[in-house]
Amino acid sequence: MAAASNPPAATESELEEFAELVYALRHRVSSSRPGNHASRSPGSYGRFAGLDRLSGNSDLRRLDLRASIADPFESVWVRRYLQAASGVVHVVVDLSGSMGFRGSVARHAVAATLAGGLTRTAIRSGDRASVRAATGDRSDAFVMEPTRRASAPSEVAMALAAIAPAGSGLSALRECCLQLSTTPGLVFLISDFAAAVDEIRPVLDALVMHDVRAVVVGDPEAEVPAARFGLAHLDDLEDRRGGVAFLRPSLLRRWRERRREHGRALSSLFAETGCPVIPVTGQIDLEQITETLIAGQATL
């Protein structure tokens with residue numbers, strides 16, 4: 001395991017592969033702009049929401065003859081619809097020190113590509129996309145307000161690739177989440193979630209108004225050393241301090257058991273907060289991400 005220099009930004013063709021991803025918000029949005037999500041906004045088409053008696057502002061094209069003829073009080077009824085509307089997708093990226101290490105892949109590169117790709121997904125779906133990134137000590141390492149600008153995905157990928165992950169802890173990431181609009185939206189929270197569960201909980205609590213999907217960037221090589229016996233140079237994922245450890249079977253067993261305990265605690269936290277998980281282990285697998293978005297849940 002070694003710290004890596006800033007990775008190259010994702011290419012336009014790599015970001016374009018995200019364009020076909022499909023997602024849905026679990027709550028109704030409030031927007032006058034037509035889109036793909038269930039909303040509270042009335043319209044002349046969309047999801048059937050019941051019948052109303054004919055009034056001065058009724059749309060006569062939605063007259064329901066069957067209901068009107070069957071009414072014993074001779075009322076005239078028109079169909080009422082809720083128009084599908086567009087929403088806002090927020091991408092929040094953790095760029096603390098642990099995201100700067102390289103195992104089989106560079107976590108930093110994966111996170112930057114995911115952020116740019118999910119921005120492309122949102123804009124192609126007709127939604128606005130906003131992106132925020134936080135290092136260990138800066139909650140505003142990168143900020144892009146909600147936009148439908150076609151060039152935004154490439155701008156996001158290049159900007160995040162140029163930011164060196166640094167710092168420890170998740171207090172800045174929590175502050176970054178608190179800066180989001182309070183209007184409910186969809187949040188993709190990209191992180192390795194390597195911190196203690198007690199540090200992760202306040203971050204999820206800060207997003208309680210939103211529909212949150214935890215994108216867990218994983219790489220076993222960056223967390224658990226390969227099975228070996230002897231001296232090994234290991235680096236702390238957060239503060240990048242290195243050290244030498246004498247690896248032996250008993251130590252490796254305890255190490256792996258602690259990682260499993262952390263995974264179980266993390267899964268329990270996500271279940272408790274109603275936060276679906278999108279695991280990205282190693283290289284980005286868009287088919288797996290699509291299946292997870294459709295199923296709504298996955299296991300760590």
For [Y], is there an ion pair with [X] - N to carboxylate O distance below 4.0 angstrom?
X      : Y      : answer
Glu199 : Arg174 : no
Arg124 : Glu16  : yes
Asp64  : Arg66  : no
Asp140 : Arg138 : yes

Between the side chains of [X] and [Y], is a donor N or O closer than 3.5 angstrom to an acceptor N or O?
X      : Y      : answer
Asp127 : Ser125 : no
Gln179 : Ser139 : yes
Asp219 : Ser104 : yes
Asp52  : Trp77  : no
Tyr81  : Asp59  : no
Ser154 : Ser151 : no

Non-hydrogen atoms of [X] and [Y] that approach each other most closely:
X      : Y      : result
Arg148 : Ile123 : O-CG2, 3.6 Å
His90  : Ser130 : ND1-OG, 2.6 Å
Gly282 : Val110 : O-CG2, 4.0 Å
Leu189 : Val203 : CD2-CG1, 4.0 Å
Ser58  : Arg53  : OG-O, 3.8 Å
Cys176 : Ala134 : CB-CB, 3.9 Å

Checklist outcome for this item: Across all chains, not counting sequence neighbours, the side chain to side chain contact (heavy atoms under 4.5 Å, CB included) partners of Ala162 are none
Next on the checklist: Looking at Arg264, I want to see if its CZ is surrounded by more than 12 non-hydrogen atoms of other residues, nucleotides or ligands under 6.0 Å.
Outcome noted: yes
Next on the checklist: Which residue in the set Glu17, Glu12, Glu155 passes salt bridge (Lys or Arg N to Asp or Glu O under 4.0 Å) when paired with Arg120?
Outcome noted: Glu12
